[in-house]
Amino acid sequence: ETMPAYVENFRRTQESSKLPVKLGVEMDFISGNAEKVREFVSQFPFDYVIGSVHFIGDWEIDNPDQAQEYLKRGIMQVYERYFALVEQLCASRVFDILAHPDLVKIHGYKPDCDFSYILNDVAKTMAQADVCAEINMRGLTRPCKEVYPSEQFLKILRAHGVSVTFGSDSHEPDELGRGLSEGLRLAKKVGYTDACVFDHRTKRHERIA
């Protein structure tokens, strides 16, 4: 209900800002809500639309108070379900960017077996749907202590030709740009030479420093 007022305030800020400011939105993907999201974002002049998976059913996976669910449900089963939802998100073709692609690792839980086949399936779907992967640095401050996505996953995304962009996932103004140097280092390490930027939901590539 408040989005029209938010957009109007944004436009005033954009006009007076000495820095370039773009209008974006991050929206949760929940199985079955893709068309509602599509209808919502079509009403506003977003430069980019970010999709994310924070919920498996009613379970909020990044809530530290609910982290015990990983052990109750089984870590591999959680990963399978999370990435199945990520694939659905990408296949919907509603979103420009996938936020924090492997958020499921946030609490430090990882399968004790090779799950690269799942990552390859996700990367293939992202490439087919032309969804850009966010290199998100907030993971550096979480129990997993690494960038989203992991170096392993980022290599797989690169191999499938998936584009990337960068996000500090700032929740406060002083967090803007936090960890960017680490994200750039990782991107270049696996072979990325450019990143995506968006204007009115049109993607273009800029060379990374």
(request) Please check if atom CD in Glu39 has more than 12 non-hydrogen atoms from other residues, nucleotides or ligands closer than 6.0 Å. (result) no
(message) Do the side chains of Arg142 and Asp62 get close enough for a salt bridge, i.e. N-O under 4.0 angstrom?
(response) no
(message) For Phe83 and Asp102: C-alpha separation, side-chain torsions, deciding distance, then whether side-chain contact (heavy atoms from CB on, under 4.5 Å) applies.
(response) CA-CA 8 Å; Phe83 282 114; Asp102 55 359; 4.0 Å; yes
(request) Determine yes or no for a side-chain-to-main-chain donor-acceptor pair under 3.5 angstrom, with Tyr82 supplying the side chain and Lys105 the backbone. (result) no
(request) Drop me the distance from Ile61's CD1 to Arg73's CZ, to the nearest 0.5 angstrom. (result) 10.0 Å
(message) Within a 6.0 Å radius of atom CZ on Arg11, are there more than 12 heavy atoms belonging to other residues, nucleotides or ligands?
(response) no
(request) To the nearest 0.5 Å, tell me how far Gln77 CD sits from Lys72 NZ. (result) 15.5 Å
(request) Measure across Ala123 and Leu157 and return the closest heavy-atom pair with its distance rounded to 0.1 Å. (result) CB-CD2, 3.8 Å
(request) Considering non-hydrogen atoms only, spot the tightest contact between Leu140 and Gly179 and give its length. (result) CD1-CA, 4.4 Å
(message) Determine whether a donor-acceptor pair (N or O, by modelled atom type, separation under 3.5 Å) exists between the side chain of Thr165 and the backbone of Cys196.
(response) yes
(message) Nearest 0.5 angstrom please: Ile75 CD1 to Asp112 CG, how far?
(response) 7.5 Å
(message) I need the Leu23 CG to His200 NE2 distance, nearest 0.5 Å.
(response) 10.0 Å
(message) If you apply the rule side chain to side chain donor-acceptor pair (under 3.5 Å), what do you find for Gln88 with Ser31, and how did you get there?
(response) CA-CA 7 Å; Gln88 289 179 37; Ser31 188; 3.0 Å; yes
(message) Please check this pair: side chain of Asp194 against backbone of Glu206, looking for a donor-acceptor N/O pair closer than 3.5 Å.
(response) no
(request) Specify the closest pair of heavy atoms between Thr125 and Ala91, including all atoms of both residues, with the distance to one decimal. (result) CG2-N, 4.1 Å
(request) Take Asn120 and His160 through the side-chain contact (heavy atoms from CB on, under 4.5 Å) test and state the conclusion after the steps. (result) CA-CA 8 Å; Asn120 273 285; His160 284 273; 3.0 Å; yes
(request) Kindly check if the number of other-residue, nucleotide or ligand heavy atoms within 6.0 Å of CZ (Arg207) is above 12? (result) no
(request) Measure from NZ or CZ of Arg138 to the centre of the six-membered ring of Tyr148, then state whether that distance is under 6.0 Å and the direction lies within 45° of the axis. (result) no
(message) Taking Met27 as the starting point, is it possible to reach Phe29 by hopping between hydrophobic residues whose side chains are less than 4.5 Å apart?
(response) yes
(message) Please determine whether a side-chain nitrogen of the Lys or Arg among Asp96 and Lys203 lies less than 4.0 Å from a carboxylate oxygen of the Asp or Glu.
(response) no
(message) Hydrophobic cluster membership, with links at side-chain heavy-atom distances under 4.5 Å among I/L/V/M/F/W/Y: are Phe198 and Val164 in one?
(response) no
(message) Salt bridge check, Lys155 against Glu151: does any charged N sit closer than 4.0 Å to a carboxylate O?
(response) yes
(request) Report whether Met3 and Tyr48 are members of the same hydrophobic cluster (ILVMFWY, side-chain heavy atoms less than 4.5 Å apart, transitive linking). (result) no
(message) Working to the nearest 0.5 angstrom, can you tell me the gap between Glu146 CD and Lys110 NZ?
(response) 3.5 Å
(message) Using 0.5 Å steps for rounding, measure from the CE atom of Met126 to the SG atom of Cys90.
(response) 5.0 Å
(request) Kindly work out whether a path of hydrophobic side-chain contacts (I/L/V/M/F/W/Y, heavy atoms less than 4.5 Å apart) joins Ile106 to Ile50. (result) no
(message) Is it the case that atom NE2 in His171 sees more than 12 heavy atoms from other parts of the structure closer than 6.0 Å?
(response) yes
(message) Any heavy-atom pair between the side chains of His54 and His100 that's under 4.5 Å?
(response) yes
(message) Taking the side chain as everything from C-beta on, heavy atoms only, tell me whether Lys36 gets closer than 4.5 Å to Ile30.
(response) no
(message) Between Tyr70 and Trp59, is the ring-ring contact (aromatic ring centres under 6.0 Å, His included) condition met? List the steps.
(response) CA-CA 10 Å; Tyr70 282 79; Trp59 173 35; 5.1 Å; yes
(request) Could you tell me which non-hydrogen atom of Ser52 sits nearest to which non-hydrogen atom of Leu89, and how far apart they are? (result) N-CD1, 3.5 Å
(request) Could you pull out the closest heavy-atom pair between Tyr109 and Ala67, with the gap in Å? (result) CE1-O, 3.7 Å
(request) Answer yes when Glu35 and Arg38 have at least one side-chain N-carboxylate O distance shorter than 4.0 Å, and no when they do not. (result) yes
(request) Answer yes if Val197 and Tyr192 sit in the same cluster of Ile, Leu, Val, Met, Phe, Trp and Tyr residues linked by side chain heavy atoms under 4.5 Å apart, and no otherwise. (result) no
(request) Check step by step if side-chain contact (heavy atoms from CB on, under 4.5 Å) holds for Phe95 and Val37. (result) CA-CA 9 Å; Phe95 305 95; Val37 173; 3.8 Å; yes
(request) Please report the closest heavy-atom contact between Pro149 and Ile135, naming both atoms and the distance. (result) CD-CA, 4.1 Å
(message) Just so I know, are the side chains of Glu80 and Met76 near enough to count as touching, which here means a heavy-atom distance under 4.5 Å?
(response) yes
(message) Using only atom types and a distance under 3.5 Å, with no angle test, would you say the side chain of His107 pairs donor to acceptor with the backbone of Gln66?
(response) no
(request) May I ask you to decide if Val21's main-chain N or O and Gln14's side chain share a donor-acceptor pair within less than 3.5 Å? (result) yes
(message) So, using ring-ring contact (aromatic ring centres under 6.0 Å, His included) as the criterion, who are the partners of Phe46 when residues are at least two apart?
(response) Phe44
(request) Applying side-chain contact (heavy atoms from CB on, under 4.5 Å), run through Val147 and Glu182 and close with a yes or a no. (result) CA-CA 8 Å; Val147 171; Glu182 175 62 18; 3.9 Å; yes
(message) Between Val7 and Pro45, is there a side-chain heavy-atom distance shorter than 4.5 Å?
(response) yes
